[in-house]
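Read through the structure below, which is laid out as structure tokens, and then see the notes.
Chain letters run A, B, ... following the sequence lines, proteins first and then strands; every chain starts at 1.
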There are 2 protein chains.
Amino acid sequence: MRPTVHDIAAAAGVSLATVDRVLNLRPGVRTVTREKVEKAIERIGYIRDVAAANLAKSRIYPLVFILPAGDNSFMRGLEAEIRAAIERSAFERTQISIVTVPAFDAPALQAALEEAHAIRPAGIAVVAVDSPEVAASVNRLRDDGIPVVTLVSDLSGSNRDHFAGVDNTAAGRTAGNLMGRFLGERPGPVAVLAGSMLVRDHRERLEGFRAVLDAEFPGRTILPVLEGHDDPTEAERLVRGALETHPDIAGIYSLGAGNRGLITALKTSPSKPCVIAHELTPHTRRALQDSLIDAVLNQDAGHEVRSAIRVLKAKADGLAVIGAQERIRIDIFLKDNLPFDEARTPREDL
Amino acid sequence: MRPTVHDIAAAAGVSLATVDRVLNLRPGVRTVTREKVEKAIERIGYIRDVAAANLAKSRIYPLVFILPAGDNSFMRGLEAEIRAAIERSAFERTQISIVTVPAFDAPALQAALEEAHAIRPAGIAVVAVDSPEVAASVNRLRDDGIPVVTLVSDLSGSNRDHFAGVDNTAAGRTAGNLMGRFLGERPGPVAVLAGSMLVRDHRERLEGFRAVLDAEFPGRTILPVLEGHDDPTEAERLVRGALETHPDIAGIYSLGAGNRGLITALKTSPSKPCVIAHELTPHTRRALQDSLIDAVLNQDAGHEVRSAIRVLKAKADGLAVIGAQERIRIDIFLKDNLPFDEARTPREDL
DNA sequence: GAATTTTTGATGTACGTAAATCAGAAATTA
DNA sequence: TAATTTCTGATTTACGTACATCAAAAATTC
């Protein structure tokens, strides 16, 4: 049988009340007694029964998710996953609220963080805009004992507890490797469509992509980055322009959102470049099936949300997390390994 | 506040004892009363607090994992993940035992299943050999109320509760697509190294690989399958022989284990075929880094084990599972997106 | 050494559910 | 209707922890 608080009391030769004081960091215990109890805990290998503790505390975890607003299929899919988690909140003792802020807007994000801080939740998950002010807000939260997890896009210079997202440099490198191999001997430059260099995930993807192409496929030119701000209309205009200016474009790497616009532009393009994009949405899925896109690198939003919740709860309780379980993988989808469409998939009209 | 059993009792106008009888399917309740209680449960939206219930029951879940013995890096990695889960059993209320049986041996597997049946565990996870006798044993377990999850390799003609593994047909298709694209215009046939056609995962991978190569890359010949029984020595001999008989081999698809032998053969081969293999082990990882292997399709053994445990526990309690969470993904590793090596990785000497 | 403060023990209640017992009520059978 | 069987209610204990209260013991201060 697993040892209980009673066993600690017996082993340490103290009362249950004293054990409780030690375990829950309550005052009124002499250092010698505290050490005696701690040694007994160590000795008998006591592990707190979190389920029982949560029951006794009637613990619930109020969590806040902050993510960009706007017409972005991936982000709306992410939001849908958060809503799915809300459905499960009765089981998971969570109480989740969603806050949306304008995309790529550091001051707005900072304001949202401050507002969330005031509520004093058990934890905050945030799709970060990489800026010092945002990092400062996050650090204040941490100093105040509120765990923070960055979601999808990480935050430099902050002591956030965890990043629930993929290794974006590796994703970019993978895209570079696939692009280089898929193109083979085909001549022509490669275009890159990004959302904004203000978010770290986009910067890292670009960096990885560039590194591999430069190192392993020299002679392949990369055109100046097109910044489409994850907006389909802007993306379409930029891609159309690039394809007109450089009719010999051999490949396009779309490392952000706004793929709907990219796809529209591709449909009317006279040439057929090799296209690698990010995030599996209804649009990229169809384009993959129609061979307009050759490969899609994906991060599973559901996994990211569930991971963020697990980590926030664990951090709130001061518990360890299973590192391997929380590593978010980069999925590579070709048209041959598309997962079955599910009800969970964001709606077609998004 | 979430409704409790007391609320049901009040709402149905019955006593707590009757609610308990209904909830836990105990006898001694008239049909009319039972229906009254069930309607009240429905009406107030009661959800059983599993944590509290498990606490009251002092519930533990005895689980049995059955997997092939032998010198197979992937299977030993799987076993390591099961041992990691055993480490967590105090937290997860599980009590896991591991049984190993000779590989590709249906009678031995059946015997192991019958033995596990006798213990009457809360659930069984099994790496299946695809045979009618094994399916019959599994069906008997199910009829007896013991949930069964197939792990890594599925079982035809059984009513196992769940399959914790990847879509192997899709994996084979993906391999075919990558092979076709990576080879480009390079001439020469493709060799396939498998473990055994007795396991469904290998059959499915081959089928998917063939389908894509035939459909999308016609003109590419596939040599007769080499069956290496997941044994490094045998694999090496077979690959060496094939490379000698067909010096023009352009690609090799290794869809089973025994990759150590394949790699040894590759090192001394005068030609450099494009190689796609399965499962990231210390050996395939190094071969990938050394560019002896071009791509590795991987299933995360840790995810599979954790998923199997979650599903078995849920089934034992008659609860629903989050489908999306339990879908095991096919990881595609190129040398550019290798995950960091971790302590969890199977030891080098395996 | 008395008065004070700090530390410890003993005890009870609570969380939400499970499970058991026993008495009493209702339904069924004779 | 009486005797029997079947249901139902009331109550208690338990799971492992949290948390509060009050008394008693020990340590500290003056």
Quickly work out the B/I60 CD1 to D/dC15 P distance and round it to whole Å.
15 Å
Full working for side-chain hydrogen bond (donor to acceptor under 3.5 Å, both in side chains) between B/N24 and B/R48
CA-CA 11 Å; B/N24 295 295; B/R48 185 194 242 110; 2.8 Å; yes
Counting primed atoms plus P, OP1 and OP2 as sugar-phosphate and everything else as base, spell out the protein contacts along nucleotides 14-30 of chain C at 4.0 Å heavy-atom distance: B, S or - for each nucleotide, 5' to 3'.
-BBBSB-B-----S---
side-chain hydrogen bond (donor to acceptor under 3.5 Å, both in side chains), that's the test. Do A/Q95 and A/S89 meet it? Break it down for me.
CA-CA 6 Å; A/Q95 191 177 29; A/S89 48; over 6 Å; no
Within the supplied structure, the quantity of interest is the number of heavy atoms (other residues, nucleotides, ligands) at a distance under 6.0 Å from A/K39 NZ; does it exceed 12?
no
Could you check whether A/R76 pairs with A/E79 (Lys NZ or Arg NE/NH1/NH2 to Asp/Glu carboxylate O, under 4.0 Å)?
yes
Is B/T18 close enough to D/dT8 that one of its side-chain N or O atoms is under 4.0 Å from OP1 or OP2 there?
no
Can you check the A/K36 NZ to D/dA26 P distance for me, whole Å?
12 Å
Check this for me: does any side-chain nitrogen of one of A/R160 and A/D154 sit under 4.0 Å from a carboxylate oxygen of the other?
yes
